[in-house]
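Since the model is a prediction, treat every value here as computed from it, not as a measurement.
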Amino acid sequence: MFYCTRKAMPLIKRSGGGSIVNLSSAAGRHGFPQRSPYSAAKWGVVGFTKSLAVEAGPDQVRVNAILPGIVEGERMERVIAAKAKATGVSYEEFQRQFLGTTSMHSTVSAQDIANMALFLCTPAGAKITGQALAVDADVRYLV
């Protein structure tokens with residue numbers, strides 16, 4: 001992220017400004033048991049985003065981070081299956097418990113995350129910068 005930004009920033013500034021969207025995680029806002037290095041890296045993305053927004057703002061460059069929650073797909077299905085097995089409950093029961101950590105009791109899709117990125121890059125998002133924006137169905141904690 002740092003190296004990509006270092007290469008892109010002169011081009012974005014020369015063009016008169018723009019938008020950078022970083023990807024963090026809900027783990028960049030909440031603790032994540034047994035995943036301290038991952039959480040620390042995602043908190044680092046949030047700090048990088050906020051600092052870069054301050055540095056780049058005078059050049060009309062907006063910088064935000066998206067914090068996805070439980071993203072639907074094969075990877076999450078494998079995670080749920082492994083955690084269900086480890087805790088001795090059915091896949092369905094663990095999935096119910098896992099999604100119960102969100103206010104909406106649901107996953108988010110890759111399209112949900114892309115929609116937020118697109119919004120941040122359009123004129124509708126022209127005054128949003130330095131933000132860590134959750135697209136996570138309101139994850140309250142991670143398990």
Novice: Under 4.5 Å between side-chain heavy atoms, counting indirect links through other Ile/Leu/Val/Met/Phe/Trp/Tyr residues: same cluster for Val135 and Ile128 or not?
Specialist: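 Cluster IDs for Val135 and Ile128 match.
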Novice: Is there any salt bridge (Lys or Arg N to Asp or Glu O under 4.0 Å) pair reaching into residues 95-104, and which pairs are they, with sequence neighbours excluded?
Specialist: Glu93-Arg96
Novice: Any link between Leu23 and Met116 through a network of hydrophobic side chains (Ile, Leu, Val, Met, Phe, Trp, Tyr) touching at under 4.5 Å?
Specialist: yes
Novice: For Tyr91 and Glu77: C-alpha separation, side-chain torsions, deciding distance, then whether side-chain contact (heavy atoms from CB on, under 4.5 Å) applies.
Specialist: CA-CA 9 Å; Tyr91 179 95; Glu77 290 169 4; 3.5 Å; yes
Novice: Group every Ile, Leu, Val, Met, Phe, Trp and Tyr by side-chain heavy-atom contacts under 4.5 Å, then state whether Ile12 and Leu52 land in the same group.
Specialist: yes
Novice: Checking Gln131 side chain against Thr129 main chain: does a donor-acceptor pair fall under 3.5 Å?
Specialist: yes
Novice: Search all heavy atoms of Asn64 against all heavy atoms of Gly130 and return the closest pair with its distance.
Specialist: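 Taking every non-hydrogen atom into account, OD1-N, 3.3 Å.
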Novice: Is there a donor-acceptor contact under 3.5 Å from the side chain of Trp43 to the main chain of Tyr38?
Specialist: no
Novice: Rounded to the nearest 0.5 Å, how far does OG of Ser24 lie from CE of Met1?
Specialist: 7.5 Å
Novice: What's the spacing between Met76 CE and Gln95 CD if we round to 0.5 Å?
Specialist: 10.5 Å
Novice: Would you say Leu99 and Ile80 are hydrophobically clustered, going by side-chain heavy atoms of ILVMFWY under 4.5 Å?
Specialist: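 They do share one cluster, since a chain of ILVMFWY contacts under 4.5 Å joins Leu99 to Ile80.
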Novice: Ignoring hydrogens and angles, tell me if any N or O in the side chain of Lys13 forms a donor-acceptor pair with the backbone of Asp59 under 3.5 Å.
Specialist: no
Novice: What distance separates Ser19 OG from Gln60 CD, expressed to the nearest 0.5 Å?
Specialist: 12.0 Å
Novice: State, to 0.1 Å, how close Ser109 and Val71 come at their nearest heavy-atom pair, and which atoms those are.
Specialist: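 Here Ser109 and Val71 meet closest at C-CG1, 4.5 Å.
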Novice: Surrounding CE of Met104 (heavy atoms of other residues, nucleotides or ligands, distance under 6.0 Å), is the total greater than 12?
Specialist: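 For Met104, atom CE is not crowded (no more than 12 foreign heavy atoms under 6.0 Å).
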Novice: Just jot down the ring-ring contact (aromatic ring centres under 6.0 Å, His included) partners of Phe94, sequence neighbours excluded, or say none.
Specialist: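 Partners of Phe94 under the ring-ring contact (aromatic ring centres under 6.0 Å, His included) test: Phe98.
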Novice: Can you measure from NZ (Lys42) to CZ (Arg35) and round to the nearest 0.5 angstrom?
Specialist: 9.5 Å
Novice: Roughly how far, to the nearest 0.5 Å, is CZ of Phe119 from OG1 of Thr122?
Specialist: 5.5 Å
Novice: Of all the heavy-atom pairs spanning Arg140 and Thr102, show the shortest one and how long it is.
Specialist: NH1-C, 3.1 Å
Novice: Is there a donor-acceptor contact under 3.5 Å from the side chain of Arg62 to the main chain of Leu120?
Specialist: yes
Novice: Which heavy atom of Gly69 sits nearest a heavy atom of Val108, and at what distance?
Specialist: N-CG2, 4.2 Å
Novice: Can you sort out the partners of Thr107 under side-chain hydrogen bond (donor to acceptor under 3.5 Å, both in side chains), two or more places apart, ordered by chain and number?
Specialist: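 Testing Thr107 for side-chain hydrogen bond (donor to acceptor under 3.5 Å, both in side chains), a comparison that skips the adjacent residues, returns Glu72.
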Novice: Kindly work out whether a path of hydrophobic side-chain contacts (I/L/V/M/F/W/Y, heavy atoms less than 4.5 Å apart) joins Ile20 to Phe48.
Specialist: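 Both belong to a single hydrophobic cluster.
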Novice: Return the minimal non-hydrogen interatomic distance between Arg29 and Ala132, and the atom names on each side.
Specialist: NH2-O, 2.6 Å
Novice: Pair Cys121, Val21 - check side-chain contact (heavy atoms from CB on, under 4.5 Å), show working.
Specialist: CA-CA 8 Å; Cys121 294; Val21 179; 3.9 Å; yes
Novice: Please check: side-chain N/O of Ser25 versus main-chain N/O of Leu67, any donor-acceptor pairing under 3.5 Å?
Specialist: no
Novice: Just by distance, no angles: are the side chains of Thr49 and Asn22 close enough, under 3.5 Å, to form a donor-acceptor pair?
Specialist: yes
Novice: Shortest non-hydrogen contact from Gly28 to Val46?
Specialist: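 So the two residues come closest at O-CG2, 3.9 Å.
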